Each structure stands twice: as structure tokens, then as C-alpha cells.
A.B. asks: 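Shown below is the structure under consideration.
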Amino acid sequence: MADIEIYSTAMCPYCVAAKNLLQSRGLSWREMRIDADANARREMLTRAPGARTVPQIFINGVHVGGFEQLAAAERSGKLAELLQAAS
């Protein structure tokens, strides 16, 4: 199973959209709330330099980006490739 990590905040509609997309594929993830955990925020900024928005999504350690990049990866087939890399 793929290792999916999502950095998010409580009031983020794009975070909800990303989780809904993943859930529709039957996938699970670990969520790190940067609004509730300063260490998670620092970790996100280290792993995704320049990222100032959420969600920031990683699949098997690969930085996918935010919701729009996740949706584009889904449309292009790249998401399936990233998920397959875990098998």
C-alpha cells in the first residue's frame, strides 16, 4: 500500500477535496495538521521548500504538490504510477 502524507489545516477546502479524491480511490493517508503542530509546519517547509499553502501531498516520499497537482496527476495517470511504486 502506498504511503500517503498530507499536510493540512482544519479550515482548508482544498485539503478536503484532496482527501475526498483519495478516499474515492479507497486510499488511506496520514494527516499532519500544520495549524495545530508547529513541528509539522517546519517539517512541511523543509520537505516542500517554498510551499506556503496546504495541502502539501507526498506519495511514497515524492512531493506531488497541492490539490490541483493531485487532480492533474489523477487525470494524466501519474497518480496511478506513484501508487504503483509502493507495490
Side-chain angles (χ1 to χ4, degrees):
M1 177 161 269
D3 179 31
I4 302 172
E5 302 166 284
I6 301 176
Y7 291 91
S8 69
T9 62
M11 302 299 288
C12 168
Y14 289 104
C15 299
V16 172
K19 291 183 277 188
N20 285 341
L21 188 155
L22 294 169
Q23 186 176 15
S24 75
R25 294 198 57 155
L27 300 168
S28 59
W29 58 87
R30 285 179 292 131
E31 184 172 5
M32 287 73 69
R33 292 261 315 272
I34 67 166
D35 58 339
D37 183 349
N39 289 329
R41 180 174 179 74
R42 282 190 291 276
E43 181 180 275
M44 180 190 87
L45 294 173
T46 299
R47 293 181 72 194
R52 299 284 182 242
T53 61
V54 289
Q56 291 299 318
I57 303 160
F58 291 81
I59 299 177
N60 299 321
V62 175
H63 184 224
V64 175
F67 169 69
E68 291 181 11
Q69 291 81 18
L70 179 67
E74 167 76 358
R75 289 189 301 273
S76 71
K78 177 73 174 171
L79 180 58
E81 292 174 22
L82 289 168
L83 296 170
Q84 187 65 28
S87 299

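Note that the structure is a prediction, hence the values are computed from the model and not measured.
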A.B. asks: How many angstroms lie between atom CG of Leu21 and atom CD1 of Ile57, to the nearest 0.5 angstrom?
C.D. replies: 8.5 Å

A.B. asks: Going by the rule salt bridge (charged side-chain N to carboxylate O under 4.0 Å, His left out), which residues pair with Arg30 if we only count those two or more places apart in sequence or in a different chain?
C.D. replies: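 Salt bridge (charged side-chain N to carboxylate O under 4.0 Å, His left out) list for Arg30, sorted by chain: Asp3, Glu5.
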
A.B. asks: Going from CD on Gln84 to CG on Asn60, what distance comes out if it is rounded to the nearest 0.5 angstrom?
C.D. replies: 10.5 Å

A.B. asks: Enumerate the salt bridge (Lys or Arg N to Asp or Glu O under 4.0 Å) contacts for residues 7-18, please, sequence neighbours excluded, ordered by first and then second residue.
C.D. replies: none

A.B. asks: With sequence neighbours left out, write down each residue that passes side chain to side chain donor-acceptor pair (under 3.5 Å) with Arg42, or none if nothing qualifies.
C.D. replies: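 For Arg42 the side chain to side chain donor-acceptor pair (under 3.5 Å) partners, ignoring immediate neighbours, are Asn39.
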
A.B. asks: Return all side-chain donor-acceptor pairs below 3.5 angstrom for residues 62-75, not counting sequence neighbours, or 'none' if the list is empty.
C.D. replies:
{"from": "His63", "atom 1": "NE2", "to": "Gln56", "atom 2": "OE1", "distance (Å)": "2.6"}
{"from": "Gln69", "atom 1": "OE1", "to": "Gly66", "atom 2": "N", "distance (Å)": "2.7"}
{"from": "Glu74", "atom 1": "OE1", "to": "Arg25", "atom 2": "NH1", "distance (Å)": "2.7"}

A.B. asks: State which residues pass side chain to side chain donor-acceptor pair (under 3.5 Å) with Asp35; sequence neighbours excluded, sorted by chain then number.
C.D. replies: Arg33

A.B. asks: Give every donor-acceptor pair under 3.5 Å between a side-chain atom in residues 12-20 and any protein atom, sequence neighbours left out.
C.D. replies:
{"from": "Lys19", "atom 1": "NZ", "to": "Glu31", "atom 2": "OE1", "distance (Å)": "3.4"}
{"from": "Lys19", "atom 1": "NZ", "to": "Glu31", "atom 2": "OE2", "distance (Å)": "2.9"}
{"from": "Asn20", "atom 1": "ND2", "to": "Val16", "atom 2": "O", "distance (Å)": "3.4"}

A.B. asks: Under the side-chain contact (heavy atoms from CB on, under 4.5 Å) criterion, do Leu83 and Ile4 qualify, and how do the steps go?
C.D. replies: CA-CA 9 Å; Leu83 296 170; Ile4 302 172; 4.0 Å; yes

A.B. asks: Going by side-chain heavy atoms closer than 4.5 Å, which hydrophobic residues are tied to Ile34, directly or by a chain of links?
C.D. replies: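 Tyr7, Met32, Met44, Leu45, Val54, Phe58, which link up through side-chain heavy atoms under 4.5 Å apart, make up the rest of the cluster.
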
